[in-house]
Amino acid sequence: MARRTDAELSAERELITAAQRDRAAFAPLYERYVDQIFAYALTLTGDRELAEDVTAATFARAMEELPRFEWRGVPYSAWLYRVAGNLVHRHRRRPGWVELQAHLPDDAPGPEDWALTGDRATEVRVAVAALPDDQRQAVLLRFGGELRNREIAEIMGRSEGAVKLLTFRALTTLRRRLGAPLPAERAQHRVASGGDVLVPLEVLRSG
Amino acid sequence: MDDADRLAVAIDHPAVAHTLPQRLLELAAVAAELAEVLAAPVLTESERARIHSRARRLARRRFGLWVPRPALLAGAAGGAAVTLAVVGLALLRGRPPAGYTTTEAVPSAA
């Protein structure tokens, strides 16, 4: 899976520094992370509207805290995920604190719609949505947020070992539900469907 | 090292995945697929714009107006200068005109 290189982290640090000097420069950080934070909030809340509210509140806090933000050598998203998680927990303790705004009917697809579209990515998302809460959260932070186990452990308030175990169990469940076709089967699937969204095992083998 | 540890290492370092037994290799393949699917965008452009606009509004209203640090320092310096000027003026006004002691009456214009 994609890992943050030192150069990427360094570039992100420069983005943050630029945004601290000029608020308009926050836009690239927002664009980079808004989908991830929304997906995480949706995972925690199971409610698209609430997830949108939590995402907006998270980025509002990010803008407010930006002048005081101190770089610690981890992706900026780790901080954003922690804020989003705290906001959701706060909402659970005091429902209604998140200022809900009137939402217009939304055409964006939800899990039910995903289930009807029938492609492989949809199948994967539906399977992830069906995981137990903590496994789903670990998987989303690990593979959607590209965070390391120790960063996930800090966000979830668990040990690093617990995060590894949650991920392992989640992958075992997903393997059972989704299957993991062998290279030959993938090739057949590719020929049959005219395309393949899967990452072949050869990629993993060759590194 | 147990299976969860070995898998975690292989996910971080795909180059070592070939050393995994078949059952763990299949889990690593699922992990690779998840990385691809879950990294894809989930919001539409209009949703992104709506959330951004709402975040900016909340940042201004609920969490306070964001002020860049140089502006904050300039504001503080300006405030201090005004305070000093006001105190100085008040002290000058409280002092009697030159040439009179505090026990002497100040002649009025009449």
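Nothing here was measured: the structure is a model prediction, and the numbers come from that model. Just so we're on the same page: letters track the sequence lines, and every chain starts at 1.
- Side-chain atoms of B:Val42 and A:Leu42, non-hydrogen and from C-beta on, never get closer than 4.5 Å to each other.
- With B:Leu38 as the partner, the side chain to side chain contact (heavy atoms under 4.5 Å, CB included) test is satisfied by one option alone out of A:Arg142, A:Arg125, A:Gln36: A:Arg125.
- Interface remark: B:Leu24 contributes side-chain atoms only to the contact with chain A (heavy atom separation under 4.5 Å).
- At a 4.5 Å heavy-atom cutoff, the contact between B:Asp5 and chain A is made by backbone and side-chain atoms alike.
- Annotation: A:Arg177, atom CZ; neighbour count of heavy atoms from other residues, nucleotides and ligands within 6.0 Å is above 12.
- Only the side chain of A:Phe38 has a heavy atom closer than 4.5 Å to any heavy atom of chain B.
- Without hydrogens or angle criteria, B:Arg48 side chain to A:Val34 main chain gives no donor-acceptor distance under 3.5 Å.
- For the pair A:Thr55 and B:Leu43, the minimum side-chain heavy-atom distance is 4.5 Å or more.
- Rounding to the nearest 0.5 angstrom, the gap separating the CG atom in B:Leu58 from the CZ atom in A:Arg61 is 10.5 Å.
- Taking CZ of A:Phe168 as the start and CG of B:Leu27 as the end, the distance is 5.5 Å to the nearest 0.5 Å.
- Atoms CG and CD, on A:Leu174 and B:Glu33 in that order, are 9.5 Å from each other to the nearest 0.5 Å.
- Closest heavy-atom contact between B:Ala55 and A:Ala56: CB-O, 3.3 Å.
- Among the candidates B:Ile11, B:Val37, B:Val30, the single residue satisfying the side chain to side chain contact (heavy atoms under 4.5 Å, CB included) test with A:Phe143 is B:Ile11.
- With respect to chain A, the highest number of heavy-atom pairs below 4.5 Å among B:Ser46, B:Ser53, B:Pro41 belongs to B:Pro41.
- Contact annotation for B:Leu7: only side-chain heavy atoms (C-beta onward) come within less than 4.5 Å of a heavy atom of chain A.
- In this structure, no portion of A:Val163 lies under 4.5 Å from any heavy atom of chain B.
- Looking at A:Arg48 and B:Glu47, a side-chain N of the basic residue comes within less than 4.0 Å of a carboxylate O on the acidic one, giving a salt bridge.
- To the nearest 0.5 angstrom, B:Arg56 atom CZ is 10.5 Å from A:Phe26 atom CZ.
- Atom-to-atom distance recorded for B:Glu45:CD and A:Glu31:CD is 6.5 Å, nearest 0.5 angstrom.
- Salt-bridge annotation for A:Glu52 and B:Arg54: absent, with no side-chain N of the basic residue lying under 4.0 Å from a carboxylate O of the acidic one.
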